[in-house]
There are 2 protein chains.
Amino acid sequence: MTSSRLRRRKLSEPTIARLPVYQRIVEEWIGQERSRIDSAQLGELAGVTATTVRRDLAGLGTLGTRGAGYDVAILHTCIGEALGHDQHCDVVVIGMGNLGRALVNSSSFLTRGARLVGLYDADPLVVGTVIDGHLVRAIDEPMIAASVAVICVPASAAQAVADRCVGAGIHALLNFAPQVLAVPLGTAVHDVDLSIELQVLLYHLHNGTGPLGGGLLHALARADAPAHRTPPAETPWH
Amino acid sequence: MTSSRLRRRKLSEPTIARLPVYQRIVEEWIGQERSRIDSAQLGELAGVTATTVRRDLAGLGTLGTRGAGYDVAILHTCIGEALGHDQHCDVVVIGMGNLGRALVNSSSFLTRGARLVGLYDADPLVVGTVIDGHLVRAIDEPMIAASVAVICVPASAAQAVADRCVGAGIHALLNFAPQVLAVPLGTAVHDVDLSIELQVLLYHLHNGTGPLGGGLLHALARADAPAHRTPPAETPWH
DNA sequence: GGATGTGAAGTAGTTCACAGCC
DNA sequence: GGCTGTGAACTACTTCACATCC
């Protein structure tokens, strides 16, 4: 099908992390029935340079049209293919506290290539309830087959949960618990700490000069709000 | 205070993002009453090489003892100083849905350098309730003075909330809404997209080669990794 | 001996600048 | 004209290797 223009090159890690950002912007534009976008626009919205956008997208294949930018439908298809959105991975979420609920209820988290197949919790009051159409099972029930487990339990329970996942043949863990997990070789653990971004922001506040934004994911100031425009000269922080 | 050994060099962005990870590990060790750690141990727990640990820590000053590693108390003090934990920034959290509650209830998010000064929500049923000791105010009340706003509202409300924050003089936004925010120059927006981590994991699953191993932190530079204060008493790290 | 701290080398990522095509 | 795609230059970060100090 669409793959004629696709190039299957190895993508760099930063590029992979930016693709979902581009995808989200492209979906916004599709929702607004805008049909084309150029690298400068996409870069501004994503908070990266136009060159970076072009370099990233060129890694997927020849998606653009010289002189005319990118067709958003083509972008959507090709980024989706690169991220594996045409396939589906089975995902279980373990721990239905506030964070687990937030992820399951989120419109953006478990869409696009991920299929939720099971929810688990330890609390007897929660087990048996239905969240977003999914029955919550007891943590000590046999675990459903899945490719990825999302761990949202308290730190003190995280290692035991990880052990159960590995025992159930799940070799990719997305760990939201602030806890070092010991897993056998061959199991991937991806840790997410929600406090890191705040810590980095605080560091830059205290030290005056952050690069405006400074992360991989930041929306740079948009030029269409000239009323508040501050000169880039001195201490734009605080 | 202890600053004699401190060096106030500009730290690289990846280093800044790793410091909270080191800090959390150090706090675990302090909780276990272990007094020294070496770069190899710290690196293994953090998921980075020993050399990277030494390079990062050397950027803070001469913290170690050749032949004997690092004193965890000194590490804790100096990393804390580098991250600005001795000062505090006032933070408001806007949007008390599951995600906002998860952040406020988290033991690791609003500690260390951040002081929660206000909660806001749009839902009349939530306004007036108390969450973790803090009264929830209506989103249209005048906003309390703060340095940082954490935005946890739905995407459709995020821009309006950002505008209110800017109007209230808040120039650092941590945005959890999957929405591009337009802000005037001089305001920093840090976007955190929880779905990105899962997307990256899925990409690696589909493409065979993912980074694997048991460390806390893998090579990804941003929006990644942990930091946290362990509960008192024992922590089962195997 | 043993582990830090660091110049030097290597690698990865970004930005420049422009050729190529619409 | 405008904008993409990409070699070349540049910058940033990591890793190597070892001198240095306890």
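Below, chains carry the letters A, B, ... as their sequence lines are ordered, and counting in each starts from 1. Values below: all heavy atoms of this structure, side chains included; hydrogens, waters and symmetry mates excluded. None of these values were measured; they are calculated from a predicted model.
Between the CD atom of E44(B) and the P atom of dA3(C) there is a distance of 14 Å, given to the nearest Å. Atom CD of E13(B) and atom P of dC13(D) are 8 Å apart (whole Å). Rounding to whole angstrom units, CG of residue D56(A) and C1' of dC3(D) are separated by 17 Å. Atom CG in L57(B) sits about 8 Å away from atom P in dG5(C), given to the nearest Å. For L19(B) and dC13(D), the CG to C1' distance is 15 Å, given to the nearest whole Å. The separation between L63(A) atom CG and dC3(D) atom C1' is 14 Å, rounded to whole Å. Here dT4(C) presents its C1' atom at 13 Å from CG of L42(B), a figure rounded to the nearest Å.
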List the atom pairs, with distances to 0.1 Å, where a side-chain N or O of residues 50-61 of chain B and a protein N or O form a donor-acceptor pair under 3.5 Å, not counting sequence neighbours.
residue, atom, partner, partner atom, Å
T52(B), OG1, T49(B), OG1, 2.9
R54(B), NH1, S39(B), OG, 3.3
D56(B), OD1, T15(B), OG1, 2.7
D56(B), OD1, R18(B), NH2, 3.0
D56(B), OD2, R18(B), NE, 2.6
D56(B), OD2, R18(B), NH2, 3.3
D56(B), OD2, Y22(B), OH, 2.6

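Side-chain N/O atoms of T52(A) include one lying less than 4.0 angstrom from OP1 or OP2 on dT15(C). For the OP1/OP2 pair of dC22(D) and a distance below 4.0 Å, the side-chain nitrogens and oxygens of Y70(B) include no atom meeting the criterion.
Each end of the helix from dG1(C)-dC22(D) to dC22(C)-dG1(D) yields a helix axis from five base pairs, and these two axes differ in direction by 10° (to the nearest 10 degrees).
A donor-acceptor pair under 3.5 Å links the side-chain atoms of T77(A) to the main chain of A73(A), judged by distance alone. No donor-acceptor distance shorter than 3.5 angstrom exists from the side chain of E44(B) to the backbone of Q41(B), with no hydrogens or angles considered.
A172(A) is linked by a side-chain contact (heavy atoms from CB on, under 4.5 Å) to V148(A), L201(B), L205(B), counting only residues two or more places apart in sequence or in another chain. I30(B) meets the side-chain contact (heavy atoms from CB on, under 4.5 Å) test with V26(B), V72(B), H76(B); sequence neighbours excluded. Q23(A) is linked by a side-chain hydrogen bond (donor to acceptor under 3.5 Å, both in side chains) to nothing, counting only residues two or more places apart in sequence or in another chain. The side-chain contact (heavy atoms from CB on, under 4.5 Å) check on A102(B) picks up N98(A), L99(A), with sequence neighbours excluded. For the side-chain hydrogen bond (donor to acceptor under 3.5 Å, both in side chains) test, residues two or more places apart in sequence or in another chain that qualify with H88(B) are R115(B). Considering only residues two or more places apart in sequence or on other chains, R36(B) meets the side-chain hydrogen bond (donor to acceptor under 3.5 Å, both in side chains) condition with T65(B). A search for salt bridge (Lys or Arg N to Asp or Glu O under 4.0 Å) contacts involving E28(A) returns nothing, not counting sequence neighbours.
Residues R54(A) and G69(B) both approach DNA chain C. Their nearest nucleotides, taken by heavy-atom distance, put G69(B) toward the 5′ side.
Residue R18(B) places its side chain closer to dT14(D) than to any other of dC13(D), dG5(C), dT14(D).
Heavy atoms from other residues, nucleotides or ligands lying under 6.0 Å from CD of Q32(A) number more than 12.
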Pull out every protein N or O sitting under 3.5 Å from an N or O of nucleotides 20-22 of chain C, one pair per line with the distance.
residue, atom, partner, partner atom, Å
dG20(C), N3, R66(A), NH1, 3.2
dC22(C), O4', R66(A), O, 3.2

Using a cut-off of under 3.5 Å, enumerate the N/O to N/O pairs linking the protein to nucleotides 7-9 of chain C.
residue, atom, partner, partner atom, Å
dG7(C), O6, R55(B), NH2, 2.4
dA8(C), N6, R55(B), NH2, 3.2

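Neither side chain, E81(A) nor H206(B), offers a donor N or O lying under 3.5 Å from an acceptor on the other. In this model, no donor atom of one side chain and acceptor atom of the other lie less than 3.5 Å apart for Q199(B) and H204(B). Checked by atom type, the side-chain pair N175(B)/Q179(B) shows no donor-acceptor distance below 3.5 Å.
Taken residue by residue, residues 31-39 of chain A places heavy atoms nearer than 4.0 Å to DNA chain D at D38(A), S39(A).
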